[in-house]
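The structure appears right after this line, and notes come after that.
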Amino acid sequence: ALAALCDTPIFSTWIIVIDAAFPLMTAATMRAGLRAANQTGIAIAGEPVKETLKRVSGQLVVETPPRDTLRRLLSPAIFQREALQRMLDRYKASSSLPDDLVALAQRAGAPLTVFDVDYPTVRVTTEADLAIIEALLSQRESEAHPS
């Protein structure tokens with residue numbers, strides 16, 4: 001992330017991190033993300049959790065958090081340049097940076113705003129996923145240009 005920030009032109013106000021494994025992202029999601037990031041400097045897309053999750057201690061289930069308080073975080077993550085630079089400055093000397101920018105933001109204590117996505121959040125990890133993406137893209141195209 002630091003290398004990417006250093007390579008970004010200084011006049012860039014926003015750093016937008018897009019996970020290519022979520023190829024169905026829309027312009028509306030980007031606009032929502034920029035509005036959200038404008039509030040706190042850092043925002044990430046999210047969607048409601050659909051699964052029932054359990055908190056465990058060892059092998060014992062100790063809690064079932066209500067789904068309405070949980071979000072699945074995904075692409076894009078949007079950072080105001082100055083907010084990202086402040087986060088990275090706090091950890092430049094550290095050799096144990098988190099693997100992802102969201103974890104870095106959380107460890108740096110930066111406020112993080114979650115905004116809703118408006119696209120099907122299918123993650124492409126296998127060749128079979130590509131067929132799903134192609135079908136969804138075909139549907140999107142036919143809705144945009146009905147014959």
Side-chain angles (χ1 to χ4, degrees), residues 1-9 12-88 90-91 96-147:
L2 183 55
L5 180 61
C6 293
D7 291 341
T8 305
S12 299
T13 305
W14 300 101
I15 307 295
I16 301 172
V17 181
I18 299 171
D19 184 343
F22 291 98
L24 298 175
M25 187 174 34
T26 65
T29 290
M30 291 299 296
R31 284 190 293 276
L34 288 166
R35 282 192 300 274
N38 203 37
Q39 296 173 14
T40 61
I42 304 170
I44 186 164
E47 68 177 356
V49 171
K50 299 170 189 142
E51 297 81 15
T52 300
L53 301 177
K54 304 292 184 183
R55 187 175 315 278
V56 297
S57 177
Q59 293 182 327
L60 297 176
V61 173
V62 295
E63 180 188 8
T64 303
R67 282 187 214 148
D68 63 345
T69 65
L70 301 172
R71 306 291 281 173
R72 176 179 170 223
L73 302 182
L74 23 107
S75 184
I78 302 174
F79 300 85
Q80 206 168 39
R81 182 187 188 86
E82 294 81 19
L84 182 58
Q85 187 66 59
R86 281 191 306 272
M87 285 181 350
L88 293 172
R90 285 192 63 184
Y91 289 100
S96 62
L97 289 173
D99 289 348
D100 63 87
L101 291 173
V102 173
L104 180 63
Q106 290 176 310
R107 281 186 46 195
L112 180 61
T113 302
V114 177
F115 62 95
D116 291 329
V117 297
D118 77 334
Y119 64 92
T121 56
V122 178
R123 178 184 287 263
V124 178
T125 57
T126 68
E127 191 171 327
D129 297 333
L130 290 174
I132 296 168
I133 296 298
E134 288 172 351
L136 290 168
L137 286 172
S138 177
Q139 177 184 349
R140 184 186 287 176
E141 182 67 22
S142 66
E143 289 171 358
H145 305 289
S147 23

**OP:** Work out which heavy atom in Ala45 is nearest to a heavy atom in Val114; give both atom names and the distance.
**Re:** C-CG1, 4.4 Å

Original post:
Does Gln80 reach the side chain of Thr40, with side-chain heavy atoms less than 4.5 Å apart?
Top reply: no

**OP:** Test Thr13 against Arg81 for side chain to side chain contact (heavy atoms under 4.5 Å, CB included), laying out the working first.
**Re:** CA-CA 5 Å; Thr13 305; Arg81 182 187 188 86; 5.8 Å; no

Original post:
Checking side chain to side chain contact (heavy atoms under 4.5 Å, CB included) against Ile78, which of Val17, Ile16, Asn38, Thr113 comes through?
Top reply: Ile16

**OP:** Provide the closest heavy-atom pair for Ala43 versus Ala36 in the form atom of the first, atom of the second, distance.
**Re:** CB-CB, 3.7 Å

**OP:** Measure the shortest side-chain to side-chain distance between Asp19 and Met25 over non-hydrogen atoms and say whether it is less than 4.5 angstrom.
**Re:** no

Original post:
Does atom CD of Glu63 have more than 12 heavy-atom neighbours, drawn from other residues, nucleotides or ligands, at distances under 6.0 Å?
Top reply: yes

**OP:** For the pair Arg67 (side chain) and Pro48 (backbone), establish whether a donor and an acceptor sit closer than 3.5 Å, ignoring hydrogens and angles.
**Re:** no

**OP:** Starting at CG of Leu137, measure out to OG of Ser142 and round the result to the nearest 0.5 Å.
**Re:** 11.0 Å

Original post:
Are any of the side-chain heavy atoms of Phe115 and Leu34 separated by less than 4.5 Å?
Top reply: no

Subject >> Minimum heavy-atom distance Thr121-Glu47, with the two atoms named >> reply: OG1-OE1, 2.6 Å

Original post:
Are side-chain heavy atoms of Pro111 and Ile42 found at a separation under 4.5 Å?
Top reply: no

**OP:** Please name the pair of heavy atoms, one in Ser75 and one in Ile18, separated by the smallest distance, quoted to 0.1 Å.
**Re:** OG-CA, 3.3 Å

**OP:** Could you check if a side-chain atom of Leu53 sits within less than 4.5 angstrom of a side-chain atom of Leu70, using non-hydrogen atoms only?
**Re:** yes

Subject >> Leu112 vs Ile44 side-chain heavy atoms within contact, under 4.5 Å >> reply: yes

**OP:** May I ask you to decide if Asp118's main-chain N or O and Thr29's side chain share a donor-acceptor pair within less than 3.5 Å?
**Re:** yes

**OP:** Let me know which of Gln139, His145, Arg140 forms a side chain to side chain donor-acceptor pair (under 3.5 Å) with Glu143.
**Re:** Gln139

Subject >> Side chains of Leu136 and Leu24 in contact at under 4.5 Å (non-hydrogen atoms) >> reply: yes

